[in-house]
Amino acid sequence: MDQFFKFLAVNPRIKYATPTWPDFGSWRAGFVVDEDTIPAVIVRPRFAEDVAALVSVLATNNVPFSVRVGGHDMFGRSQIHDAVTIDLREIAYVDIDHTGHTARLGGGILVADLIKELEKDNLVTPHGVIPGVGYVGWATHGGYGLLSTQYGLGVDQILDAQVVDCEGRIRHADKDMLKAIRGAGGLLGIIVEVTIKVYPLGQVSEASPSRTAAIRHYNNGYHQLKQDYLPSSLSLYQSVMNGPSGKALTVLFCWASSDMETGLLWLSKVQAFSPVAMCTVSPTTMAAFTLATEPLMPKSVHGTMLTANIHELTPEVVDVIGFHSSL
């Protein structure tokens with residue numbers, strides 16, 4: 001570790017913080033609260049070359065390190081106790097190529113910042129629901145979110161990438177590496193840049209139209225509609241959330257098309273699934289909606305998350321979800 005601090009001393013453009021520094025607490029904060037995980041130092045590089053130099057000196061001196069952006073890893077793996085955290089959040093540029101309908105993104109860009117920058121040029125791309133999530137981690141591990149039904153998953157948007165490998169070399173992802181990181185994320189190195197597809201921004205209607213606990217009724221209606229036909233412009237997210245009056249089923253309705261009349265027809269079909277206590281659907285933009293959800297999301301949580309991947313919400317699965325949601 002002594003050699004690493006000597007490296008930082010001769011590279012003052014790389015900002016860092018140790019546990020005794022005032023900024024350390026805010027830099028370390030992640031979505032999962034884990035007071036036992038306190039890195040020895042957090043560094044914030046600004047350029048890919050900085051990341052390459054950091055990896056080189058860390059690998060040479062066998063110093064353990066982790067990489068973080070949004071810090072939303074539910075298993076708390078964004079940081080390692082008494083090790084080095086490479087925080088990419090200052091590598092957060094967005095360079096748009098209007099002729100190619102693409103954008104180059106810094107590896108540390110957050111979803112909220114990406115959507116805000118794209119909207120300035122009337123553009124959009126599929127993204128996650130939670131504004132503070134790191135875009136690259138979300139996209140390279142699949143990337144299911146708003147607009148996915150219309151434009152594809154996050155992995156489908158990735159056209160190119162720059163990666164810092166384990167020896168501290170900046171590598172342009174060839175065909176095989178690009179295929180690997182579309183699903184394997186940072187397994188092959190630190191992704192310092194990606195080039196993604198972007199799309200013209202149309203008006204959208206979004207909100208949460210259902211606040212009942214009628215999970216079975218909603219899923220029965222959705223299943224029937226899915227068998228008949230669902231347009232690619234429509235995205236529906238259901239979740240059970242804690243509200244002032246207790247747990248409730250909340251459905252996020254997203255109609256990504258300028259054809260508002262047709263969107264309202266589909267909204268009425270969704271509302272017919274079960275009784276609706278409150279509907280807040282209205283025309284908006286992706287950036288405005290994404291930022292509006294930020295106050296609803298907790299900044300941090302205790303514990304961890306367990307997931308189960310299933311192909312379909314069968315009646316048996318729906319009954320289990322409904323049972324536990326009522327506890």
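Quick caveat: nothing in here was measured; it's all calculated off a predicted structure.
Nearest heavy atom pair, residue E119 against residue A288, reads OE1-N, 4.3 Å. Scanning all heavy atoms of the two residues, the minimum distance from R68 to A29 falls at NH1-O, 2.9 Å. Smallest separation of non-hydrogen atoms from P39 and P19: O-CG, 3.6 Å. Considering every non-hydrogen atom in both G142 and L153, the closest pair reads O-CB, 3.3 Å. Nearest heavy atoms, I215 versus Q238: CG2-OE1, 4.4 Å. Scanning all heavy atoms of the two residues, the minimum distance from Y151 to P200 falls at OH-O, 4.2 Å.
In the hydrophobic clustering of this structure, I310 groups with Y218; members are Ile, Leu, Val, Met, Phe, Trp, Tyr whose side-chain heavy atoms approach within less than 4.5 Å, directly or through other members. Hydrophobic clustering of Ile, Leu, Val, Met, Phe, Trp and Tyr side chains at less than 4.5 Å, counting indirect connections, unites I170 with V51. F24 and I86 sit in two unconnected hydrophobic clusters of ILVMFWY residues. Membership requires side-chain heavy atoms under 4.5 Å apart, directly or through other members. No continuous path of ILVMFWY side-chain contacts below 4.5 Å connects V320 to V318, so the two sit in separate hydrophobic clusters. I14 and Y93 fall within the same hydrophobic cluster, defined by Ile, Leu, Val, Met, Phe, Trp and Tyr side-chain heavy atoms under 4.5 Å apart, directly or through other members.
Evaluated for a side chain to side chain contact (heavy atoms under 4.5 Å, CB included) with I321, the options N219, L249, L313 yield exactly one hit, L313. Of the options I109, D113, I115, a side chain to side chain contact (heavy atoms under 4.5 Å, CB included) to V111 is made by I115 and by none of the others. Between V136 and the choices V69, I190, L110, V194, the side chain to side chain contact (heavy atoms under 4.5 Å, CB included) rule is met once, by V194.
Considering only heavy atoms from C-beta on, I96 comes within 4.5 Å of L123 through its side chain. V94 places a side-chain heavy atom less than 4.5 Å from the side chain of L114. Contact of the P126 side chain with the Q157 side chain is registered, since non-hydrogen atoms from C-beta on lie closer than 4.5 Å. The shortest side-chain heavy-atom distance between V57 and N61 falls under the 4.5 Å cut-off. Looking at heavy atoms from C-beta onward, V270 lies out of side-chain contact with Y222 at the 4.5 angstrom threshold.
Of the inter-residue distances, the one linking F7 atom CZ with T60 atom OG1 reads 10.5 Å to the nearest 0.5 angstrom. Separating the CG atom in D165 from the CE atom in M177 is a distance of 7.0 Å, to the nearest 0.5 Å. Note that CG of L230 and NZ of K269 are 9.0 Å apart. Values are rounded to the nearest 0.5 Å. In this structure, CD1 in I191 is found 4.5 Å from CD1 in I181, a value given to the nearest 0.5 Å. Between the CD1 atom in I42 and the OG1 atom in T85 there is a gap of 5.0 Å [rounded to 0.5 Å]. A distance of 10.5 Å separates OG1 of T140 from CG of L187, quoted to the nearest 0.5 Å.
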Test log, rule side-chain contact (heavy atoms from CB on, under 4.5 Å), inputs V41 and F4:
CA-CA 10 Å; V41 58; F4 181 64; 3.7 Å; yes
Evaluation steps, side-chain contact (heavy atoms from CB on, under 4.5 Å), between D87 and V43:
CA-CA 6 Å; D87 185 339; V43 292; over 6 Å; no
Tell me, with the steps shown, if L147 and T125 meet side-chain contact (heavy atoms from CB on, under 4.5 Å).
CA-CA 7 Å; L147 305 180; T125 194; over 6 Å; no
Determine whether W27 and R44 satisfy the following criterion, side-chain contact (heavy atoms from CB on, under 4.5 Å), listing intermediate values before the conclusion.
CA-CA 9 Å; W27 284 20; R44 281 192 163 179; 3.5 Å; yes
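Using a 30° and 60° split on the angle between ring planes, F31 and H72 fall in the parallel class, below 30°.
Using modelled atom types and a 3.5 Å distance limit, the side chains of T314 and E312 yield no donor-acceptor pair. Checking T149 against S232 by side-chain atom types alone, no donor-acceptor pair falls below 3.5 Å.
No salt bridge links R46 with D50; every basic N to acidic carboxylate O contact stays at or beyond 4.0 Å. Using a cutoff of 4.0 Å between basic side-chain nitrogens and carboxylate oxygens, D97 and R104 are not scored as salt-bridged. Of the charged side-chain nitrogens involved, at least one lies within less than 4.0 Å of a carboxylate oxygen, so that E117 and K120 count as a salt-bridged pair.
Ring centers of W266 and F253: at least 6.0 Å apart, outside the cut-off. When ring centroids are compared, Y237 and Y144 come within the 6.0 Å threshold. Aromatic ring centres of Y135 and W138 lie closer together than 6.0 Å.
Counting heavy-atom neighbours within 6.0 Å of D2 CG, excluding the residue itself, gives a total of 12 or less. Annotation: H141, atom NE2; neighbour count of heavy atoms from other residues, nucleotides and ligands within 6.0 Å is above 12.
Side-chain N or O atoms of T37 include none that pairs as donor or acceptor with a backbone N or O of Q79 at under 3.5 Å. A donor-acceptor pair is defined here as one N or O able to donate and one able to accept, closer than 3.5 Å; such a pair exists between the side chain of W255 and the backbone of D259. Judged purely by atom type and a 3.5 angstrom limit, H172 has no side-chain atom pairing as donor or acceptor with the backbone of Q162.
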